[in-house]
Each structure stands twice: as C-alpha cells, then as structure tokens.
Amino acid sequence: MTKDVALDHVTIRFGSHTAVDNALLTIQGGEFFSFLGPSGCGKTTLLRCISGFIEPTEGRVLIGGNDMRRVGPNKRPTALIFQNLALFPLMSVAENIAFPLEVRGVGRKERRRRADELLDLIALPGVGDKKVYELSGGQRQRVAIARALAVEPDILLLDEPLSALDLKLRHHMRTELRSIQKRVGLTFIYITHDQGEALTMSDRVAVMSAGVVQQIDVPEVIYDRPRTAFVASFVGETNAISGKVASQSGGDVVVDTPIGMLPGRASGGRSYAPGDIVTLFIRPEQLAVGEAANAPSISCTVVKEEFEGSVRNLFLEDKGIPLRLSRVNSGSEGAPLVPGQVVKASYNPEKAWALPATPEA
Amino acid sequence: MSASTLRGQTFSVGYSLLFFGFLFGPLIIMTITAFNSSSFPRISPWECFTTEWFGVLVNDRRLMGGLVNSIIIGAGVVALSVPVGLAGALALAEIGPKLRSALYTVLITPILIPGVVLGISTIVFWGHIGRQLGFGYDSVFFNGMFLTIAGQVTFISAYAMLIFSARLQRFDPTLTEAALDLGATPGQAFRKIMLPFLRPAILSAAFLTLLASFENYNTTVFTILAQSTFTTALASKVRYGIDPSLSALAVIIIAVTLIGAMIQEAHTRRREAIVTGRASRSRLYGNPIGRFVAHPATIGLLLIALAAVAIWRGSLHDATVCKQEVIDEKRANQQRFLEEQQKRMKQNAPAPQPAQPGAPQGTKNPSPFGGAFGNVAPQSPDAAPPGPPPAQNPSPFGGAFQGLSPPKQ
Amino acid sequence: MDRLKSVFDEFVSRHGIGVALFISLTVLVWVLVLIALPQVAMLDYSFRHNLSPQDIGGPQDVYTLSNYGFFLFRDGSGTNTLDMGVLGKTILASVLVTIIDVIVCYPIAFILAHSATGVAARLMILGLIVPFWVNEILRAFAFRVIFGATGLINGVGMSLGFWDVPIDFIRANVALYSGLTYTYILLMVFPIYNAVEALDRNQIEAAQDMGASWWRVHWRIVLPVAKPGIASGATMVFMLTAGALAAPQILGGPSNLWFTQLVYQWFSDAGNWQRGSAYAAILLVTCLGFVLLMMKVFKVNIGAIGR
C-alpha cells in the first residue's frame, strides 16, 4: 500500500540556473515527510519532479523501487495537492472528488458512492452536490484531500496547501492533516516555508536552501542540533555571534568573540583548527538573566523589553552585538528591567552551536 | 474638494448624455423614419404612420436572396473560424515569449489589413491555384461562396482568437496539471477541463463571428464575385437610391439586438445572484414567482410575444386613407401655387420666369407629386426625389394627427 | 525547426497528440494558406500584365512595373497627381477621423472606468455595444438620412429659417467624416477603457490630494496609463478607416474618392485585376508603413494591439 520514495542524486536545472542540486534521500513508506525552506529554495521544483511534471536533469526518482523516468504524472502512484488546491470550479464537490474515477471509466453510481465515502472520511458528509465556491476555505482544503485520495495513491504530495488559510484555521488544519495521514496510512510529502507546520506535523523534515538539502532529521534534532548555519538561523529564532575558534576538545569548542571567550558545541562531529571562522548560535530561550553555576555568562546592557503575551523579549547589547533573550511570562521573573541597566545573561553551552559561516547564512 | 467632485460628476453625466446621444441619435431617427410614409426616409415633414415599408423590405427579392447566401456563408465562417481562432489562442497561450510575440504579430495582421486587400488577395490566390490545377471558372476556386468564406475566415478567426485569448488568460494552468495528476490522459484533461472552461467563450465567439461575417462588406464585395450577400445587396441598394424600407430593416435589427441584450442581461444577473449566493436573500430571486418572472427564458418569450403582437398589429395597419389625404393636400397646395404663379406671370409677362426657390423645375427635380407617388413604387432606383422645400410643406401636424388616428378596420 | 519541434512536444505532453496536431495544423494552414500566400499571390499579380485568359502563361506573361508606374505617372504623361492625391487625402482624412475618435472616446472610457458604477456602468457598456450590432451599411445609411440634401439637419435648419438652400453636407464630406467617426467608436473606447481601468483610483486621488489640477491629473497620471490603449485603438481605427469602402461609397461626395474606391474601380469597372492588386498593395504598404512610423514616433509596441 505505501511505498518508499527515493531521490537518487537528483539535479534539476533550468538553463543555467540549478534549482535542485544533487538531492539524495529516501522517504519511508507511511512517513509524514516535510521539505522546509524559504521560497525559491527548490522545494516546489522537487515536488513537481516527484509528481512527474518535471524530469530530473540528472539522477533518478524511484517510487517503490521503480525508476519513474518517462512515467507521466497521470501514471505515477502519487497525488498532488496544489497550493491553490486546483479544484475544478465548474464541477460539484462530488464530481471533483470522483474525477479520478471518471477518467478511469468507473460508472456513475459507483463514482457517487465512492465520493460519498470519501466525504465521510474527511468529515464533510452531504456536501457532494454543492459547488466548490459554496464551501469555506477549510472545507475546500479537505475536499482537495478527498479528491487526491480518490486516486488511491501510495504517496500524497502537498504543496503548501495551508498558506491561503487564516491563522486559526491553519493551526486547526495541521492537526487535521496529521490525523488524516494517520487514518489512511499513506506517505505524505509536505512542502512548506512555515517551520511551525513542518515541525508540528512531520515525522522527519528536510531543510533546503538554494537547491541544496541542508539537513534531514526528526523535528527535535533539526531545532536543537542544527548542522549548518542556514538551518540554525532559518528554523526558529536565534542569536548569531561570529568569532574565531580558540580551542576544541572533543565536541566542546571555545569561540573567541568580540564579547568574550564563549564555549559551545561543534555540531555533527566537525573538528576545527584554531583560528577557523565560525558563528556561535544561541537560541533566545537558552539565554537566562543572571548568573548560574557552570554556565558561561555575558554581561550586557538592556536596550528594551517587549511584551508578547506568552513571552517577554529582552533586547540586549554588548559592544555593538545585539542579543535577544526570551523569558516565559510566568509572573516569577521579578522586577522589569530598565533600559541602560547592565545585566548578566547566562546560557547552557550544550545548546550553543559553533557552525562554519557559509555565504548564504 | 467636494465642489470639484460635483463639477466632475456634472461633467461626467453631461458628457455621457452627449456621447450616447451621438451613438443612439442616428438609430432613433432611422427607426422613426421607418414608420413615415414619405418615400424619402425622414422625420419632417411627417406624412402618415405606416408599416408598409416592412412589406416592401420582405418583398425585396435581391435582399432576400442575399440573406440566404449570407446565412450559408455565416454558418461556414462560424464552423471554421471558431476552431481556427481557438487553435491560435491555444498556441499563443503556451509557447515561449519570443515566439509568441512573433506569432501574435502574424495572427493579428488580418484584422489590420484593409478588407479590400484581403478580398483581392483571396480571389487572386485561389484563382491562381485553380488555374494551376487546370480547373475552369465553374470550379470551386471561382465560386463566390467558397471565396467569401475563405476570405472572411482569414480575419474573423483573429476576432475569435482575441476572445479565446482573453478567456485563456484567466485559466489556471494548475487545473490541467491537477487533472493529469489525478490520472487523466492529456486528451481527457483537455476535453473535461479546458473545453468546459472555454464554453462561454466558444458561444460568444460563435455569435461574434456570425455577426462579423454577416456584416462584412469590404472583403465580401470582392470575393462574392457575381453573386451577392445580404450586406452587398444592401449596399448597392443604398448606393443607388434609398427608401425607408432600409429603416424598416434597421428597426428589425435593433429590435432583435435589444431583445438579445435584455435576455443576456437577465441571464448575467441571475447567474451573478446565484454565484454570489445572494439569490436566496434577494427579493426578486427569493420567491418562486419572482424567480420565474426574472428567468431569462421567461423574459425572452415575453419579448418575442410582444414583438409578434407588434408585427400582427402592424400588418393590420392601413395608411391608404391618410396617404390619399396627404396627396390631396399636396395637390391642393400645388394647384394654389401654380395659380399664384400664373397670376404673377400675367402681371409681368415679358420678364423671364424667375427661378422660384424650391419650385418644381426641370426633369431632374420632379414635382412633389412624384415624391408622393413614389410611395407606390418605392423600389425603382432613384425614385426618391428631393423633397419639396419648406414653403410648400403640408402641415406636419396634419400628417402627424392622421398618423395618430387608430388603425382603420 | 528544433524550437518548433520542442513546442510541439510540449503540446503533446500537455494536451495529447490529437489536440497538438489540431493546434499545429490549424495554425499552419491559417498562417500559410489564409494569411501569407494570398498576400504573396496578390503581390505577384500586381507585377503582371492584364492579359486575356488564353494569354496567361504565354510569351506575353512577363513581370512588369507598369501597374505601379501607372499610379506614379499615369500613361507616361506626367505625374499621376489625381491618384496620389486621393491616397494622400485618404491617409490625412483617416488621421483626422482617428484623432476625433481619440478625443471623443477618451472621456467616455475614463468615465466608464472610474465614475460609473454598478447598473449605470453595465448599461453604458450595453449601450456602447448595441449600436455596433447594427449593420455597417445601415449605420452609414442613417447618416445619409441625417445629412442628405432633404435630410433631417437640412429639414430642421431650413424650416427654422437658418438657411434657405440645402447645405450639401455630402459634398463637404461632413457626412462621411461623421459616419466614419461613428462607425469605429467602439474600437477606440474599449482599448482605452481596458488600459484606464487598470489604473488604481487611489493614484488619482493622491494626485488631487497633492493639489494637482484635473488636467494635470490626466496629463501626468491617466494618460501614461491610457497610452497603450490609445495606441491600440488608434491603430485599429486608422487602418479600418483607411481601408473603409462602404462608408465612402454611401456617404462620399461624387468627386471625393477614397483610395479603396479606386481599387474597387480597377476591379469592378475596369476589370483590371492586376492594376487593382497593385493599388491594393500600395494601400497596404502605405498604411502599414504609416502605422509603424507612428508607433516608432510614439514608442509603442505592436503587442499592445487588440489587447
């Protein structure tokens, strides 16, 4: 029922522009797999390549072990949910859902039965005779999924399907999508530029930048242990302090920065020579006000504090380098800080990552 | 600010009124002249209300023969130029930008090329082909109907293409991709997604191409050769002498147009109301009677029924009595005028007869009687004489009142 | 050739082989058989002698410049000022009609796009279209009814005592120019309307807010946006006016010929198709040349036409 998707050194070029550069990865059957990256990073191109609208310039796409070269989109065991959903405006909801059956020559009655079944599955019974424009955004979303499921695909491809929805609905649909995926047990390949979506729904995430897959891992690892400067800065908020490596012992690194010698970890077993230029990434929530035992600290000046509901963001500065610190708004954080006040900010060096500075980071 | 807005609005309304006055004025005047018994289409002097010009029109053999040809040609042109235009628009929609602008330039030129040039090039080209292949003058290459269809399709297809292009610009190409992705073959995707999307454009293209074919003169007058279409027959009729039966024709065309426009308007409104979901809340579409009354088919039937009643009532109308009175009046005027003239001539007999302004003189300017009698045989070319000068006009009121009197039966 | 092949393959993969063949073959036939070859045939014909059917293909059937020579020099007896004058007058008059149409249509297009709303706008569009569903011949006829010697204007003018002798509007070409202006109004309104409609109303209001007078608003804000529309409309109106045959035949004065009428005379009255072809070619080249020149002067692109 479910099949692996393997990208075997896939490179896609448009003229002189390389949209996808040597992608090598395997997506397990039944997995919820996300490609995360900014617009223009090549993730949509990759998805269109898997669904068959684009042939790779080099390399192969394998689905269930079969090479998909010269297999058209209508012959692949994939179904794509378009960014704009691409529901057929002139057809009713049921006709939309039954379209895959119609083109396969399934009879009218059977089509209707199957459409109703799928409408039940997506919890929209009885809307079959409505026109598409009569549905709400979230309902259209689910109809698009039902239509894709009618193909009985092995792999469902989703191209930023939630981007048109408003915030509340988007959050709701995340849970919804995940539960549909669990129910039908298909491989979902999901494309998004929204890290929240990728991190909450996925089994694994591939972060892409400029056509290159930067890191593939489970969401926790992507967030906690970024392997490239791009991943560290693109996924979540972070403070970036550049400097030179002073010393390294095992995975522990000391970085010589303008604001002092700061300890951190070398990600992915990298080893640096003293003097290598690196960037040290510390998440705002890893910084805490005050000193703590065994924790390095930076003394800095308060610039301002912003209130954001669940958290307070404290903007600090030392020798021209801005630092941001997030505190949970629990009511126990003491007196508000005044601009100009000098404070100590400490952090856990196990969660600070020294990564090689890359041009695009 | 508000003062200038007000001034702007006054200007807008005033200018719009003037503009549409210019647009509709000629049509309204022409419409009124269709019901005046005067043999030259005019409003003043008003003679009698009559419907006879419609009869004259229907009995015009040449025009009606042309109409048959026009219908055949129109059907051929629609059948060819709609697919040709569609192919052109599809080609333009899906090729690279460089090739597209080149192709667009080529396909749009037939609209810009003067119609006479198209007509000439068509007959020269097909004549050449026919001669090369050894066909005689009775072959299809020298057949006016065939040549007219070929010539018209050349540029009318470009009109169809523009309609399709406009529609295709709003087509979402991901719909085709979605269909393919859902397992449709490319052919199925075209038939089930693209064609239904284009359906309204196909209908309007068919209508517009039919109209353009029917109306065309510049190209057709060359390609039709010895035969004639409705429009070429009409043109030669207009060139060699005009009478109000042409106005009657305009009345028919305007009436058909208006009926069509109203049905179309009812149709768009209804669809809009349904699409926006206002239908159930609107007062008109919300209740069954309103829905029935506002349905395009109902409105269409109603208008057609009205037109039928108008035709029936019109056909019963008889203006003979009125016209006789006008003739009598004119004769009396003429008589009086002649007597006055004779009196004056007697008074200064040696003097050469002065040219009275507007007086009937010579053979080129027949008497007003001729004009009145012209009504009897309006089809003879150049029958319409210049009307009598205002000094001898019969009272326009007399005619108007006669015209208002109920139809005699 | 490779480019065309790849375009064809693209069609096949998108719509299937049937639709791809339909598109390619139809466009090919249209471009070659209907558009290009007839023009070539006409051009070829214009360089030939007017021969009787049995002489065609014989020794006398050689290329000649005599048909064009006739346009320039008549029969070698001095320059053919008459025909050249007709051509010049046709072009000038067409320019005049085009300019009048721009002036008349620009305000209505602007009003339609930015002042009229809802029902009024829909009625206006309907009102623009309906007159053009009436046959062109009948529209010309209506102007004859209005401007004829015994027409409406003369009738009213004389009965009110403004003038005594009928004014010959036909001879003065007033009827012809009015009729031509009227006939192609729609082709001017809609391109300008389409262009002006794209203009954001806020831009106008912002300019007014900054104290610009109404003519400055139009000159600096609206006109630049309307320019491609005006160019498109002007090109079509000019070409169709210069190529008009029905209106000049019906409304033209007896001594004032339109160039298309000369073409028509060579064909119908003189039966000299070759010379008629030459005259048609002269008309085509002159008009296209003039339009291209104007496009260069006003810096507009042919891609804007018909949009």
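In the text below, chain A, chain B and the rest are named by the order of the sequence lines, each starting its count at 1.
- B:Phe22 and C:Ser178 get closest at one heavy-atom pair: CZ-O, 4.3 Å.
- Interface residue C:Leu138: backbone and side-chain heavy atoms are both found under 4.5 Å from chain B.
- To the nearest 0.5 Å, atom CD of residue B:Glu215 and atom CZ of residue C:Arg139 are 5.0 Å apart.
- For the pair C:Met239 and B:Pro114, the minimum side-chain heavy-atom distance is below 4.5 Å.
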Donor-acceptor pairs under 3.5 angstrom involving side-chain atoms of residues 17-36 of chain C: please list them, not counting sequence neighbours.
from, atom 1, to, atom 2, distance (Å)
C:Ser24, OG, C:Ala20, O, 2.5
C:Thr26, OG1, C:Phe22, O, 2.4
C:Trp30, NE1, B:Thr154, O, 3.0

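- If you tally non-hydrogen atom pairs under 4.5 Å between each of B:Val117, B:Leu180, B:Val256 and chain C, the highest count goes to B:Val117.
- Contact annotation: the side chain of B:Phe207 approaches that of C:Trp133 to within less than 4.5 Å [non-hydrogen atoms, C-beta and beyond].
- Contacts between B:Thr257 and chain C at a heavy-atom distance below 4.5 Å involve backbone atoms as well as side-chain atoms.
- No other option in C:Pro38, C:Ala142, C:Gly16 has as many heavy-atom pairs under 4.5 Å with chain B as C:Pro38.
- With a 4.5 angstrom heavy-atom cutoff, B:Ser247 touches chain C via backbone and side-chain atoms both.
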- Chi angles and distances behind the side-chain contact (heavy atoms from CB on, under 4.5 Å) call for B:Tyr217, C:Gln249: CA-CA 11 Å; B:Tyr217 176 72; C:Gln249 278 182 343; 2.4 Å; yes

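- Comparing C:Ile137, C:Ile185, C:Leu37, C:Val291 by how many heavy-atom pairs each has under 4.5 Å with chain B, the most go to C:Ile137.
- Most heavy-atom pairs under 4.5 Å with chain C, from the set B:Leu80, B:Val153, B:Leu246: that is B:Leu246.
- A centroid separation of 6.0 Å or more is found between the aromatic rings of C:Trp273 and B:Phe222.
- Contacts between C:Ala246 and chain B at a heavy-atom distance below 4.5 Å involve backbone atoms as well as side-chain atoms.
- Looking at B:Ile253, the atoms closer than 4.5 Å to chain C (heavy atoms on both sides) all sit in the side chain, from C-beta outward.
- Between chain C and the residues B:Val13, B:Ile123, B:Asn216, the most heavy-atom pairs under 4.5 angstrom are made by B:Ile123.
- Only the side chain of C:Val7 comes within less than 4.5 Å of a heavy atom in chain B; its backbone stays farther off.
- Contacts between B:Ala158 and chain C at a heavy-atom distance below 4.5 Å involve backbone atoms as well as side-chain atoms.
- Of the residues considered (C:Glu136, C:Gln39, C:Glu10), C:Gln39 shows the highest number of contacts with chain B, using heavy-atom pairs under 4.5 Å.
- In terms of heavy-atom pairs under 4.5 Å with chain C, the best-connected choice from B:Val238, B:Leu18, B:Val116 is B:Val238.
- In terms of heavy atoms, B:Phe20 sits closest to C:Gly127 at CE2-C, 3.8 Å.
- At a threshold of 4.5 Å between non-hydrogen side-chain atoms, the residues B:Phe19 and C:Leu112 do not count as touching.
- Panel note: side chain B:Asn218, backbone C:Gly243; a donor-acceptor pair is recorded below 3.5 Å.
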- Query: Could you walk me through whether B:Ser12 and C:Phe110 pass the side-chain contact (heavy atoms from CB on, under 4.5 Å) check?
  - Reply: CA-CA 9 Å; B:Ser12 294; C:Phe110 181 78; over 6 Å; no

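- The structure places CD1 of B:Ile111 at 9.0 Å from CG of C:Leu187, a figure rounded to the nearest 0.5 Å.
- Using a 4.5 Å heavy-atom threshold, the side chains of B:Pro186 and C:Val12 count as separate.
- The structure places CG of C:Asn135 at 4.0 Å from OG1 of B:Thr231, a figure rounded to the nearest 0.5 Å.
- Contacts of C:Tyr279 with chain B are absent, with no heavy-atom separation under 4.5 Å from either backbone or side chain.
- Heavy atoms of C:Val237 lying under 4.5 Å from chain B are absent altogether.
- Comparing B:Ser157, B:Gly119, B:Gly260 by heavy-atom pairs within less than 4.5 Å of chain C, the highest count is held by B:Ser157.
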- Given C:Tyr264 and B:Ile120, is the side-chain contact (heavy atoms from CB on, under 4.5 Å) satisfied, shown in steps? CA-CA 9 Å; C:Tyr264 182 77; B:Ile120 290 166; over 6 Å; no

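- Looking only at heavy-atom pairs under 4.5 Å with chain B, the residue among C:Leu128, C:Thr181, C:Ile129, C:Thr260 that has the most is C:Leu128.
- Nearest heavy-atom pair, C:Met236 versus B:Leu112, reported as atom, atom and distance to 0.1 Å: CG-CD2, 4.0 Å.
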- Item | Stepwise side-chain contact (heavy atoms from CB on, under 4.5 Å) test for C:Phe141 and B:Leu234 | CA-CA 10 Å; C:Phe141 164 74; B:Leu234 191 62; over 6 Å; no

Please report, to 0.1 Å, the donor-acceptor pairs under 3.5 Å made by any side chain of residues 81-99 of chain B, with sequence neighbours excluded.
from, atom 1, to, atom 2, distance (Å)
B:Ser81, OG, B:Val77, O, 2.6
B:Glu94, OE1, C:His15, NE2, 3.0
B:Glu94, OE2, C:His15, NE2, 2.9

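- Only the side chain of C:Phe267 comes within contact range of chain B, judged by heavy atoms closer than 4.5 Å.
- Between C:Ile108 and B:Ser16, the closest side-chain pair of non-hydrogen atoms falls below 4.5 Å.
- At distances below 3.5 Å, not a single donor-acceptor pair connects side-chain atoms of C:Tyr45 with backbone N or O atoms of B:Phe125.
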